[in-house]
Protein chains: 2
Amino acid sequence: MNLRELSDLLGLSQTTVSRALNGYPEVKEATRKRVTEAANAHNYHPNTRAKSLATGRTMSIGHVIPLSSQHEMVNCVFSDFIAGAGESYARHGYDMRVSVVDDLKEADAYKTLATTGKVDGVIVHGPLVNDERIPLLVQLGLPFVVHGRSSDCTTPYSWLDVNNISAFKRATDFLLDLGHKRVALINGLETMDFAMRRREGYANALADRDIPLDAALTYSSEMTEPFGYAKTCEMLDAAEPPTAIITSSLIPALGVRRAVEERGLTIGKDVSIICFDDALSYLPNGAGSPIFTAARSSVRDAGRRCGEMLMDQIEGRTSGPVHELWEAELVVGQSTGPAPNR
Amino acid sequence: MNLRELSDLLGLSQTTVSRALNGYPEVKEATRKRVTEAANAHNYHPNTRAKSLATGRTMSIGHVIPLSSQHEMVNCVFSDFIAGAGESYARHGYDMRVSVVDDLKEADAYKTLATTGKVDGVIVHGPLVNDERIPLLVQLGLPFVVHGRSSDCTTPYSWLDVNNISAFKRATDFLLDLGHKRVALINGLETMDFAMRRREGYANALADRDIPLDAALTYSSEMTEPFGYAKTCEMLDAAEPPTAIITSSLIPALGVRRAVEERGLTIGKDVSIICFDDALSYLPNGAGSPIFTAARSSVRDAGRRCGEMLMDQIEGRTSGPVHELWEAELVVGQSTGPAPNR
DNA sequence: AATCATTTCCAAAGCGCTTTGAATTGCGAT
DNA sequence: ATCGCAATTCAAAGCGCTTTGGAAATGATT
């Protein structure tokens with residue numbers, strides 16, 4: 001059943017039927033009722049492809065996820081983010097178009113998305129410190145919102161970010177206040193903007209108390225469990241082990257825990273741990289009271305909000321770039337305690 | 001730049017240009033060359049929306065993910081699966097359309113997808129024991145492939161599944177061979193087909209040795225870390241604790257580990273653990289040698305293959321339903337050992 | 001040089017919807 | 001009855017592509 005058939009059936013023009021269905025005012029309420037009823041009765045649904053062509057809109061938002069050996073975009077965090085974004089999309093009749101691309105062809109992917117009109121806008125994931133995707137998208141004229149920020153980028157653009165500097169400053173301060181002297185940082189890849197900022201927050205806290213940075217206590221890589229484990233092993237087996245460790249995600253914190261417990265040490269006593277917790281739905285930081293003391297900010301909420309910001313932009317409800325900086329909350333769990341006295 | 005502009009520019013008809021660009025034979029090689037060069041020079045890309053309408057194909061595959069409090073589809077496993085599927089799609093010029101829907105409206109989502117022509121086919125995730133989505137999709141005439149199976153479903157359909165019965169039978173046998181008498185199962189939701197089959201494999205192994213099922217040793221729920229932790233605590237603190245535990249995923253196994261170590265017990269000595277390992281890229285079961293002894297099958301590979309099966313079906317390279325049953329491999333890690341003698 | 005089969009190209013008809021600009025209808029006011 | 005204005009409805013023109021059915025050009029064959 002298509003529009004022509006339906007309108008023939010009703011003895012009305014396609015125009016009227018289309019308007020009736022799309023809620024335009026220039027159609028009598030009685031006819032609108034007749035039309036919607038007939039549409040329901042015959043299970044009429046407008047063809048999306050035709051609608052797209054006619055309106056020039058696809059009602060879909062692009063997410064391009066680069067695939068490489070180097071850097072894993074497709075991770076836990078990503079899936080919770082899109083769950084949130086997807087919720088927002090659904091509420092507004094959009095859905096999400098995900099393209100997986102070789103990371104060397106990422107720029108091309110955005111170009112194609114824009115020039116072929118596959119999507120009405122895109123979300124940019126995992127911005128680097130100086131991310132060339134941003135000027136590219138501006139130039140392409142494709143609406144977009146960045147989840148995170150790109151520090152060295154001068155072009156104005158919309159973003160939503162967690163205040164990573166403040167979160168890691170506070171986390172570090174929290175440990176220093178507990179008397180810890182040697183606080184380690186197991187960070188994400190520092191080409192990523194968020195990781196760079198987290199290190200900055202950590203470094204600021206140390207600098208405030210005139211504690212020198214120790215290269216033997218800071219590491220940066222893909223945030224996996226084995227990475228957390230391996231680096232913790234190294235550090236604990238070295239001459240001057242840290243008494244506290246901060247990780248950029250719950251996942252490496254699991255590895256830290258494994259390494260600590262394997263050595264017969266107690267978490268929260270011998271070694272304190274704080275992690276950044278994205279509040280992933282299927283990897284909760286404990287049920288009820290948190291296992292790890294953590295700087296917490298829901299990535300799912302971020303997804304929801306980014307989606308809304310982008311749709312607002314697409315539909316012209318906002319004009320210029322919009323920024324949102326969220327503070328993480330510092331939740332105290334069982335993984336931190338006063339520094340052990342030697 | 002659209003097709004008409006390009007053809008005007010070249011002094012050719014739209015027909016010829018279109019054919020030249022799409023590799024049809026009825027165009028001289030010289031003209032084809034001229035056309036492709038002009039297309040590149042002017043950065044011409046055919047409009048996807050128009051193409052869709054004309055061809056009746058969207059070159060996209062739908063994934064509908066139900067959102068509910070009850071059951072979390074959007075999980076780690078899902079994201080690795082779509083990474084794999086996405087890779088296959090990209091290779092064939094497809095991409096993925098993800099709709100997040102309220103789980104009560106899931107059936108509607110499939111209907112809409114089919115009748116509005118938003119996608120060329122869908123992948124069905126997380127089939128239940130008796131999943132009504134399958135007959136619905138057959139009736140709608142929308143091509144689909146199921147990741148997993150639905151036992152009580154009589155309609156024929158294409159699927160790719162891991163041999164869960166065999167995997168859990170072998171895992172249980174492995175533990176029984178090591179002398180374990182009390183083997184616990186921490187399973188996923190048993191309305192899910194895979195979980196039901198895993199329990200069956202577990203039960204078969206016990207039955208083979210005339211060991212009665214003990215309700216105090218089997219649990220079934222959402223596969224989270226806290227769930228693994230909580231149930232392990234219960235069991236270890238009870239009168240007759242198990243000496244081995246099998247979990248349906250790496251995630252609850254982490255909780256099991258936490259509970260075991262918290263009690264000063266040693267994994268692989270006091271308590272053995274086997275888990276099902278989906279070989280998630282960002283949550284690897286150790287680097288190098290596996291931490292947990294595990295039944296392993298890559299969900300990413302499954303995604304890749306499901307994508308290919310579906311595109312084969314859409315493009316008519318296969319006719320009837322296709323089935324693939326993958327055997328998981330049992331990899332021995334550090335989490336299992338002989339049963340402790342009391 | 002005429003004939004016929006190929007090759008190569010084109011005009012025009014969709015695909016199913018939205019939207020413009022105009023035509024028709026209804027109805028109170030003249 | 002008639003006019004004027006608003007409320008309804010409609011015919012037709014796109015949106016940018018593919019594809020059908022033919023026409024024109026080319027080349028091989030007699």
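Residue numbers start from 1 in every chain, and the chains themselves are labelled A, B, ... in the order their sequence lines are given, proteins ahead of strands.
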- prompt: Is Gly117(B) touching bases, backbone alone, or none of the nucleic acid, heavy atoms closer than 4.0 Å?
  reply: nothing
- request: Give one of base, sugar-phosphate or nothing for Thr31(B), where a contact means two heavy atoms less than 4.0 Å apart.
  value: sugar-phosphate
For [Y], is there any backbone N or O sitting under 3.5 Å from a side-chain donor or acceptor partner on [X]?
{"X": "Arg57(B)", "Y": "Asp120(B)", "value": "no"}
{"X": "Asp8(A)", "Y": "Glu5(A)", "value": "no"}
{"X": "Arg97(B)", "Y": "Val122(B)", "value": "no"}

message: Across nucleotides 16-22 of chain D, 5' to 3', mark each nucleotide with B, S or - according to how protein heavy atoms within less than 4.0 Å reach it.
response: BBBBBB-
message: Quick test of your reading: applying ring pair (Phe, Tyr, Trp, His ring centres under 6.0 Å), list the pairs with at least one residue in residues 128-148 of chain A, sequence neighbours left out, ordered by first then second residue.
response: Phe81(A)-His147(A)
- request: Using the test salt bridge (Lys or Arg N to Asp or Glu O under 4.0 Å), find all partners of Glu308(A) that sit at least two apart in sequence or belong to another chain.
  value: Arg91(A), Arg305(A)
- prompt: Pick one: which of Ile61(B), Val146(B), Leu160(B) meets side-chain contact (heavy atoms from CB on, under 4.5 Å) with Ile123(B)?
  reply: Ile61(B)
- request: Please name the pair of heavy atoms, one in Val101(A) and one in Ala109(A), separated by the smallest distance, quoted to 0.1 Å.
  value: CG1-CB, 3.7 Å
task: Heavy atoms only: give me the nearest Ser281(B)-Asp80(B) pair and the separation to one decimal.
output: OG-OD1, 3.0 Å
Whole-Å gap separating [atom2] ([N]) and [atom1] ([X]):
{"X": "Lys28(A)", "N": "dC27(C)", "atom1": "NZ", "atom2": "C1'", "value": "13 Å"}
{"X": "Glu29(A)", "N": "dA7(D)", "atom1": "CD", "atom2": "C1'", "value": "13 Å"}
{"X": "Leu21(A)", "N": "dT9(D)", "atom1": "CG", "atom2": "P", "value": "14 Å"}

Please enumerate all protein N or O atoms sitting under 3.5 Å from an N or O of nucleotides 26-28 of chain D, with distances to 0.1 Å.
none

message: More than 12 heavy atoms of other residues, nucleotides or ligands under 6.0 Å from CD of Glu132(A): yes or no?
response: no
- request: Under the side chain to side chain donor-acceptor pair (under 3.5 Å) rule, collect the residues that match up with Gln14(A), sequence neighbours excluded.
  value: none
field: Salt bridge flag under 4.0 Å for residues Glu29(B) and Arg32(B)
entry: yes
Terminal axes of the helix from dA1(C)-dT30(D) to dT30(C)-dA1(D) (five pairs each): angle between them, nearest 10 degrees: 60°
